[in-house]
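A short worksheet on the structure shown next.
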Amino acid sequence: MKLLVANWKMAPETAIQAVALTKKIHAIARATKKNITTVICPPFIHLQVVSKNARTLFVGAQGVAPVTTIATTGMVSASMLKGAGVTYCIVGHSESRARGETNDLVKEQLDRLLEKKIIPILCVGEHDRDPHGWYLSTIKDQIETALLNIPKATLKRIVIAYEPVWAIGEHATREATPVECNEMVIFIKKIIADLYDEKVASGMTILYGGSVTEINASVFVTDGGADGLLVGRVSLDPKRFGTLAQRIATVVS
Ligand code: PEP
């Protein structure tokens, strides 16, 4: 079973468009449900209407308040997300980190989600790669901070998404290669194995994200060793997203 997460970012513009997109993605998810769990992550404002139309789809949010105090203007709490039908939530996305979210803040968000039994999708990734591999310490710090004091039994309720910043969005310099993806999946599992043990590490769900398209998707799952994908721009185009899902379903069936 693979996990396919659609990050709609700050789109679509209207609730009517969000419902239309949800219905189209639901049809794709229904056709591939034997092999793929599909999650759609709309902006906060569309969460309720998307949840009402999600049927067998899972709904995710794109962030959460790191605290529960009411005096937190502009944020949405984990308990509000739960009430809006949210099962998953992206935290630590590079676009949120670029607005000032630190590793410590991401850790607080992850803890708030776990308290409400929402599955965090913890995004990690380096800005750039250097020939000496120092960038690996960025990933290690991001994971170690987020998982501080998290008991072993809770790890199965956390997803990690490797998203190299240089490969994300319209300013991406290039997509990662399947070999780079696979090395990182192994590295992330090694970090978890060192923190906990090999059994729990091998059971973790590690996604790849960054300029995933219907053309390159399946190779990240086969050669790249990813347990699924986090898809941004292409998830807003149901035709391309449908082809992508079909191709993943074909390689895992
Ligand atoms: C993302 O938003 O997490 C992402 C990977 O975006 P894109 O697929 O557009 O690069």
Side-chain angles (χ1 to χ4, degrees), residues 2-13 18 21 25 28 36-47 50 58-64 86 88-101 106 109-110 113 119-129 135 138-139 142-143 146 158-178 180-182 184-185 188 205-221 224-245 247-248:
K2 299 295 171 189
L3 184 63
L4 190 53
V5 182
N7 176 17
W8 289 358
K9 308 192 186 219
M10 202 166 71
E13 195 68 23
L21 192 53
I25 296 189
I28 297 162
I36 300 176
T37 299
T38 306
V39 183
I40 46 177
C41 303
F44 290 132
I45 194 153
H46 300 321
L47 276 174
V50 165
F58 290 94
V59 178
Q62 297 176 17
V64 64
V86 164
Y88 290 82
C89 181
I90 296 170
V91 288
H93 192 280
S94 61
E95 290 160 8
S96 312
R97 291 183 191 264
R99 293 194 304 273
E101 275 186 12
V106 172
Q109 293 178 313
L110 183 127
L113 293 169
I119 300 172
I121 300 171
L122 170 67
C123 297
V124 297
E126 75 283 4
H127 265 271
D128 299 296
R129 287 199 167 197
Y135 64 89
T138 303
I139 313 295
Q142 290 172 338
I143 294 176
I158 299 175
V159 171
I160 296 182
Y162 170 58
E163 294 212 304
V165 183
W166 45 266
I168 299 175
E170 54 197 16
H171 301 300
T173 46
R174 62 176 177 89
E175 66 205 43
T177 65
E180 287 167 332
C181 173
N182 191 233
M184 224 21 128
V185 170
I188 290 170
T205 301
I206 316 287
L207 310 181
Y208 169 75
S211 297
V212 173
T213 68
E214 68 282 24
I215 311 292
N216 64 16
S218 46
V219 82
F220 285 116
V221 169
D227 302 304
L229 300 166
L230 178 46
V231 184
R233 289 156 294 164
V234 167
S235 70
L236 290 161
D237 180 333
K239 195 156 176 274
R240 294 181 69 190
F241 192 68
T243 307
L244 184 159
R247 291 187 177 157
I248 299 291

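The shown structure was predicted, so the numbers you read here are calculated from the model rather than taken from an experiment. Nothing fancy with the numbering, it's 1 onward along the sequence. Ligands are counted one by one from 1 in listed order, and the atoms in each one are counted from 1 as well.
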Heavy-atom nearest neighbour in the protein, as seen from [atom], with distance rounded to 0.1 Å:
| atom | value |
| --- | --- |
| atom 6 (O) of ligand 1 | Lys9 NZ, 3.1 Å |
| atom 5 (C) of ligand 1 | Glu163 OE2, 3.0 Å |
| atom 9 (O) of ligand 1 | Arg233 NE, 2.6 Å |
| atom 1 (C) of ligand 1 | His93 NE2, 3.2 Å |
| atom 8 (O) of ligand 1 | Gly232 N, 2.9 Å |

| Taking the non-hydrogen atoms of Ala172, is any one of them nearer than 4.0 angstrom to ligand 1? |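 Flag not set, Ala172 not near ligand 1.
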| note | One should read off an interatomic distance between Ile28 CD1 and Thr243 OG1, to the nearest 0.5 angstrom, of 8.0 Å
| task | Give the contacting part of Asn7 toward ligand 1: side chain, backbone, both or neither, where contact means a heavy-atom distance below 4.0 Å. | result |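 For Asn7, only side-chain atoms sit under 4.0 Å from ligand 1.
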| request: Check each heavy atom of Glu170 against ligand 1 and say whether those closer than 4.0 Å belong to the side chain, the backbone, both or neither. | output: neither
| task | Before signing off on this row, confirm whether Leu230 and ligand 1 have an N or O atom pair separated by under 3.5 Å. | result |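 Not met; the criterion fails.
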| said: Angle between ring planes, Phe220 versus Tyr208, binned at 30° and 60°: parallel, tilted or perpendicular? | reply: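 Parallel.
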| query | Which pair of non-hydrogen atoms, one from Gly60 and one from Pro42, has the smallest distance, and what is that distance? | reply |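 For Gly60 versus Pro42, the nearest heavy atoms are O-CD, 3.2 Å.
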| task | Decide, yes or no, whether a salt bridge links Arg174 with Glu180 under the criterion of side-chain N to carboxylate O below 4.0 Å. | result | yes
| request: Find out whether Glu170 and Arg233 are in side-chain contact, i.e. whether some heavy atom of one side chain is under 4.5 Å from a heavy atom of the other. | output: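 Of all side-chain heavy-atom pairs linking Arg233 with Glu170, at least one is under 4.5 Å.
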| task | Say whether Glu126 and Trp166, considering side chains only, have a donor N or O and an acceptor N or O under 3.5 Å apart. | result |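 Yes, because at least one side-chain N or O of Glu126 sits under 3.5 Å from a partner of the opposite role on Trp166.
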| remark: side chain to side chain contact (heavy atoms under 4.5 Å, CB included) with Leu244: of Thr213, Leu4, Ile215, only one passes, and it is Leu4
